[in-house]
Amino acid sequence: MRKNVRNLLLQGLAAVLLAGGTLGAVNATGDEANASTKPGPRTGSHATSLRAVWPALKTGSRGTDVLTAQHLLAARGHRLAADGAFGQKTTKAVRDFQRKNRLKADGVIGAKTWAKLTNLTVASGARGQAVKAVQVQLGVKADGVFGRKTKAAVSSFQKKSRLAVDGVVRPTTWHRLIAGTSTLAVPASPRDVRLDHKLALRQLAAAGIQRPVGRTSLHGVRARTIQGVIALRKASRCTIVITGGTESGHSTKGNYSHAKGYKLDLRTRDEGRCVTNWIKNTQRKGKPRGNDPRWHGTLNGISAEYVYETPRNGGIHWDITFK
């Protein structure tokens, strides 16, 4: 009974957070350990609004945001190869940058470090690593030259993001480029906050992810799982097709099952071919689970385990666990 009441309260909290007001999103790692959350204007009993969350990057992270950070570090004078993999050299460069900017030198890129890295303006005629950082986020050719095509892409992004459209990348545009679509910021302690189906769909739609196929249910899915799949879309820039959620019919074994809201199934072929290639080419390959290949990675501070499931009765899919 107490557990049910707790889940209802947590779900209610999630619904209120999604409804409106201002919540300062906090990454509970690295340079964000002492950050504070400031309440915004009250429009109801506990109304707060959402802000996009800076991705938390650390050793082992991979993807577009790491590549962006590496270009920005290089633009600040740090000798660093931009390869999209957060290794020892990147960690050292981050620590050096943090020391120079009087931040906690923990080698983790959180909101405070991002704010310092992106405290610069890039506009038409600019050249170099900072321009490449913009181009990587926009998905255009990263040639380091801020020409007409890059300006047009920036302007288009600003228009879609409801920012002032001038084709110039200032801190506000940097933040929206890197932090991405606003998503629910879950309190640090109840990591198992659950969402109902409609609330999960609203978050996915806000991030540009289509409704799950067929009779897939998201009722009771963890908010962290939804954050994870949104981070996957942003990192891979792929179409995400969810084919399995919390509905019955999945294995209920273990602590991290579909029923407990930790897992989502994704399509591997057709629209899913892009994400399949991204996982196999960018994530860390691990030991197989039975006969099924497995990869591991971190998405915006969320641990992800990708298993390429090949059931005997067909229906090959990605079985992804977000923790």
Side-chain angles (χ1 to χ4, degrees), residues 27-32 52-98 101 103-120 122 128-144 169 174-181 183 207 227-238 274-275 277-286 295-306 320 322-323:
N27 295 316
T29 60
D31 59 6
E32 300 316 294
V53 182
W54 288 105
L57 305 179
K58 57 185 178 180
T59 302
S61 297
R62 291 175 175 268
T64 301
D65 293 333
V66 175
L67 190 60
T68 299
Q70 290 170 329
H71 283 308
L72 288 171
L73 286 165
R76 300 290 188 175
H78 298 273
R79 294 185 179 181
L80 185 66
D83 57 5
F86 202 124
Q88 292 181 352
K89 291 183 179 180
T90 301
T91 300
K92 182 180 183 301
V94 171
R95 285 176 175 160
D96 289 344
F97 176 81
Q98 290 170 328
N101 287 274
L103 299 172
K104 182 179 179 180
D106 58 5
V108 176
I109 303 178
K112 291 183 180 179
T113 302
W114 276 120
K116 291 289 186 180
L117 280 172
T118 58
N119 188 25
L120 74 169
V122 185
Q129 295 289 339
V131 177
K132 288 185 178 181
V134 173
Q135 293 168 328
V136 164
Q137 285 292 326
L138 290 170
V140 300
K141 183 179 179 181
D143 58 5
V169 182
W174 277 114
H175 179 251
R176 191 60 62 87
L177 274 169
I178 297 170
T181 305
T183 58
Q227 289 179 326
V229 75
I230 290 173
L232 173 59
R233 181 188 183 280
K234 183 177 185 295
S236 66
R237 299 185 180 276
C238 294
C274 172
V275 76
N277 291 335
W278 183 86
I279 291 171
K280 290 183 176 180
N281 292 328
T282 69
Q283 302 300 276
R284 184 178 72 259
K285 191 166 186 179
W295 286 260
H296 300 275
T298 303
L299 299 162
N300 198 11
I302 299 171
S303 173
E305 177 190 75
Y306 316 87
I320 305 180
F322 298 98
K323 299 179 185 178

So, does [X] use its side chain to make a donor-acceptor pair with the main chain of [Y] at under 3.5 Å?
{"X": "N101", "Y": "F97", "result": "yes"}
{"X": "S61", "Y": "T298", "result": "no"}
{"X": "W174", "Y": "A179", "result": "no"}
{"X": "Q129", "Y": "G77", "result": "no"}
{"X": "W278", "Y": "C238", "result": "no"}
{"X": "Q70", "Y": "D83", "result": "yes"}

Heavy atoms only: give me the nearest [X]-[Y] pair and the separation to one decimal.
{"X": "A130", "Y": "A75", "result": "N-CB, 3.8 Å"}
{"X": "A82", "Y": "H71", "result": "CB-CE1, 3.5 Å"}
{"X": "L67", "Y": "G84", "result": "CD1-N, 3.6 Å"}
{"X": "R76", "Y": "L117", "result": "NH2-O, 3.2 Å"}
{"X": "S236", "Y": "V275", "result": "OG-CG2, 4.4 Å"}
{"X": "A304", "Y": "L299", "result": "CB-CD1, 4.0 Å"}

Separation between [atom1] of [X] and [atom2] of [Y], rounded to the nearest 0.5 Å:
{"X": "Q283", "Y": "H296", "atom1": "CD", "atom2": "NE2", "value": "10.5 Å"}
{"X": "T68", "Y": "Q135", "atom1": "OG1", "atom2": "CD", "value": "11.0 Å"}
{"X": "I109", "Y": "I178", "atom1": "CD1", "atom2": "CD1", "value": "9.5 Å"}
{"X": "I279", "Y": "W295", "atom1": "CD1", "atom2": "CH2", "value": "8.0 Å"}
{"X": "R284", "Y": "Y306", "atom1": "CZ", "atom2": "OH", "value": "10.0 Å"}
{"X": "L80", "Y": "T90", "atom1": "CG", "atom2": "OG1", "value": "4.5 Å"}

Side chains of [X] and [Y]: closer than 4.5 Å at any heavy-atom pair?
{"X": "V108", "Y": "T113", "result": "no"}
{"X": "I302", "Y": "Q227", "result": "yes"}
{"X": "R95", "Y": "D106", "result": "no"}
{"X": "H175", "Y": "T118", "result": "no"}
{"X": "V229", "Y": "I320", "result": "no"}
{"X": "W114", "Y": "L72", "result": "yes"}

Worksheet item: Would you find more than 12 non-hydrogen atoms of other residues, nucleotides or ligands less than 6.0 Å from K280 atom NZ?
Response: yes
Fill in: Salt bridge flag under 4.0 Å for residues D65 and K234
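Answer for the salt bridge query: yes.
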Practice prompt. Quick one: do T59 and Q88 satisfy side-chain contact (heavy atoms from CB on, under 4.5 Å)? Show the steps, please.
Written response: CA-CA 7 Å; T59 302; Q88 292 181 352; 6.0 Å; no
